[in-house]
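A quick write-up on the structure given underneath.
Chain letters run A, B, ... following the sequence lines, proteins first, then strands; residues in each count from 1. The basis for the numbers below is simple: all heavy atoms, side chains too, and nothing from hydrogens, waters or symmetry mates.
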Amino acid sequence: MRTLIFRTVAPYLTSLMILFSVFVLLRGHNEPGGGFIGGLIAASAFAIYGIACGVSPVRRALYFHPMAISGFGLLVSALAGWLSYFFQVPFMTGLWTKVNFLGVPLDLSTVLFFDIGVYLVVLGSITSIALALEEREHG
Amino acid sequence: MAAESIDISDAMVIQPTTLGDWMIVAPVGVPILFAAILLMVRHETRLHAGIAITGLLLTLAANAALLLQVLADGPQVMTMGRWLPPFGISFVADALGASLAFVATLVAAVCALYAMKDIGATGRRYGFYPFVMALMAGVGGSFLTGDIFNLYVWFEVFLISSFGLLILGSTERQLDGATKYAILNLVGTTLFLTATAYLYGTFGTLNMADIARRVDAVRDTGPLMTLAVLYLLAFGMKAAAFPVNFWLPASYHTPRIVTAALFGGVLTKVGVYALLRVLVMMFPVERVELSGVIAWVAAGTMVLGIMGALAQSDVRRVLGFVVISGVGVMLAGLALGTEEGLTGTVLYAFHSILAMTALYLLAGVMKELGGSYSLHELGGLYRAYPAMGAFALILMLAVAGLPPASGLWPKILLVQASLESGLPWLALAILATGLLTTIALGRVYILAIWRNRPEGAPSGEPNARPGLGYVSLALLCIPIILLGVYPEPFIRIAETAAAGLLDPSAYIGAVFPVEAAQ
């Protein structure tokens with residue numbers, strides 16, 4: 001698969017797909033999308049990069065081990081649930097707040113953090129599987 | 001904000017939660033947090049044991065607080081995401097769930113301690129400790145959830161973690177065992193899911209308290225007997241009840257000994273718990289109808305299980321069959337369905353979780369000191385390691401149901417309950433199982449510990465230091481002996497649990513306080 005065309009296009013394709021995955025993630029609260037599908041898109045982006053340029057550049061680019069990313073995602077999701085404790089509401093209650101970011105009102109919520117956690121779990125675990133399979137193929 | 005002017009009390013939980021309420025979630029939430037942390041520091045294998053043991057001790061503390069609260073004030077409820085049940089998913093801790101969660105976490109903490117020696121850096125890098133934490137989150141969730149589909153999810157959580165633990169090491173034998181375990185468990189899981197789909201089609205709700213209070217109204221129209229049979233089969237498979245028990249002896253001797261200890265102690269009891277919860281609390285009339293079948297299943301499981309143990313020469317395989325026969329004893333109480341019988345079952349579950357884990361850990365210590373799991377090769381351990389002989393004696397007495405250890409009282413309760421219910425043959429089966437267990441484990445004791453070392457047997461590890469193994473065994477032997485010599489408080493907890501199953505009004509009232517007050 002290491003043709004010149006694919007290798008040239010892959011980095012651009014990967015960055016576009018990751019950008020799109022973040023868009024899908026953030027869009028997910030009110031419209032189709034969300035952490036799971038976003039994570040899958042991001043994982044396929046890394047898989048494409050791995051097929052085109054080999055696994056070690058992907059691992060270098062990710063910096064953290066995919067499983068560690070997955071673990072961090074799980075931590076973020078779980079903590080999003082635990083945050084309810086400080087507001088004296090049951091576990092996993094959706095809590096909302098508005099912040100002004102450079103004059104733009106932003107809705108922040110524990111639901112969003114939970115979804116970001118799901119995104120990272122899916123991204124980490126699927127990338128981890130994909131890279132392991134690709135490594136075996138090339139190695 | 002506009003939202004604040006809306007009256008949300010019709011749809012949402014409005015009273016503020018307290019720290020006490022959070023103890024219901026902590027037995028699941030804490031292990032998940034620690035599993036995530038362990039996954040993040042996967043390559044720092046030296047930190048793993050410390051983090052995992054800290055996490056399990058915190059979980060244990062939460063479980064203890066929850067149990068005390070439940071015993072003082074009755075069932076505790078927290079409904080996720082503020083939505084009122086049956087729409088929000090409720091966690092309901094009653095005496096049964098909270099006490100089993102506590103005992104299971106206790107043995108998991110001891111296993112994590114023993115694993116410091118049993119699981120090397122490679123096993124840790126492959127995720128032994130994160131898997132244990134995820135497994136305990138699944139087990140805790142199964143014991144505490146009040147929603148039957150959520151129960152399915154927690155079953156999946158601990159099942160997937162158990163796959164990971166089973167194949168740790170990736171030897172051919174392990175993959176063989178894991179394949180059988182995985183396929184047969186997936187069949188059980190599919191049955192569970194199918195039954196749950198039928199259940200939802202019949203009731204339109206998955207909340208266990210909601211089902212329990214509505215079941216009488218649906219009895220004439222709904223296929224409740226079908227549901228009860230499907231659940232009996234699905235959970236019987238998980239609990240390794242005869243005749244769907246063959247996956248257990250095919251797989252439990254293959255993983256690392258500490259993994260086998262955790263599985264043998266905890267996992268089958270989750271199946272038994274689910275049977276109790278579903279058949280006794282949700283389908284009491286159907287359980288009475290099925291009691292004859294369950295009694296035969298129970299007798300078959302205990303007698304054939306222990307006969308299997310008599311035929312084995314590998315200590316781990318012997319223990320696998322002993323686990324099965326213990327499941328049979330617990331099912332006897334389910335077949336009887338009286339308060340005394342169920343008390344016996346719950347008490348036997350406490351005993352079995354502790355004693356089976358301890359026996360597997362003992363096998364691990366024997367392997368370390370004697371160099372083998374095979375009864376043909378072991379020997380002479382009593383002369384070399386008298387302390388180990390003492391632990392072995394206590395544990396074998398416990399499992400055989402002899403004083404002064406923990407197996408005695410639940411068996412007395414169950415025998416008494418069988419006689420009172422007019423099932424003398426079931427009482428006979430329990431007593432015969434006790435005798436056969438004494439023979440099966442006595443054989444292990446004589447061959448592995450008492451007799452002199454056979455010629456040409458492999459020697460143990462040259463610098464074997466059984467200290468950690470002894471500490472782990474001692475930690476488990478303390479509650480085992482306590483259950484034997486001072487059973488009063490434990491029997492009282494088991495009685496509360498059994499009474500709560502037979503009369504779920506407190507459970508239902510905790511989930512639906514408004515309706516209960518009307």
Worksheet item: When only heavy atoms count and the cut-off is under 4.5 Å, which of residues 116-128 of chain A reach chain B?
Response: none
Fill in: Portion of B/Met78 that has a non-hydrogen atom of chain A nearer than 4.5 angstrom
side chain
Worksheet item: Which of the residues A/Val89, A/Val76, A/Leu95, A/Thr110 is involved in the greatest number of heavy-atom pairs with chain B at under 4.5 angstrom?
Response: A/Val89
Worksheet item: Atom NE2 of B/His43 and atom CE of A/Met67: how far apart are they, to the nearest 0.5 Å?
Response: 9.5 Å
Worksheet, complete the sentence: Here the gap from B/Thr17 atom OG1 to A/Gln88 atom CD, rounded to the nearest 0.5 Å, amounts to 6.0 Å
Worksheet item: Do any of residues 9-23 of chain A come closer than 4.5 Å to chain B, heavy atom to heavy atom, and if so which ones, in number order?
Response: none
Fill in: From B/Asp21, B/Val25, B/Val28, residue fulfilling side chain to side chain contact (heavy atoms under 4.5 Å, CB included) relative to A/Phe91
B/Val25
Worksheet, complete the sentence: Among B/Ala35, B/Ala36, B/Ala26, the residue with the most heavy-atom pairs under 4.5 Å to chain A is B/Ala36
Practice prompt. Against chain A, label B/Leu19 side chain, backbone, both or neither, depending on which of its atoms sit under 4.5 Å from a heavy atom there.
Written response: both
Worksheet item: Got more than 12 heavy atoms from elsewhere within 6.0 Å of CZ, A/Phe64?
Response: no
Worksheet item: Out of curiosity, B/Thr18 OG1 to A/Tyr85 OH, how far, rounded to the nearest 0.5 Å?
Response: 8.0 Å
Fill in: Structural part of B/Val30 lying under 4.5 Å from a heavy atom of chain A
both
Item to complete: Side chain from CB out, backbone as N, CA, C, O: work out which of these in A/Ser77 comes under 4.5 Å of a heavy atom of chain B, or both, or neither.
Response: neither
Worksheet item: With respect to chain A, which residue among B/Leu33, B/Val41, B/Thr79, B/Ile32 yields the maximal number of heavy-atom pairs within a distance under 4.5 Å?
Response: B/Leu33
Practice prompt. Can you measure from CZ (B/Phe34) to CG (A/Leu74) and round to the nearest 0.5 angstrom?
Written response: 13.0 Å
Response to the item:
For B/Arg82 and A/Pro90 the tightest heavy-atom approach is CG-CD, 3.4 Å
Discussion item. Counting only heavy atoms not in B/Met12 (residues, nucleotides, ligands), do more than 12 fall under 6.0 Å from its CE?
Written reply: yes
Worksheet item: Side chain, backbone, both or neither: which part of A/Ile69 has an atom under 4.5 Å from a heavy atom of chain B?
Response: neither
Worksheet entry | From CA spacing to verdict: side chain to side chain contact (heavy atoms under 4.5 Å, CB included), A/Trp82, B/Trp22 | CA-CA 9 Å; A/Trp82 280 96; B/Trp22 279 78; 3.5 Å; yes
Worksheet item: Looking at A/Gly81, A/Gly71, A/Ser84, A/Gly94, which has the largest count of heavy-atom pairs under 4.5 Å with chain B?
Response: A/Gly71
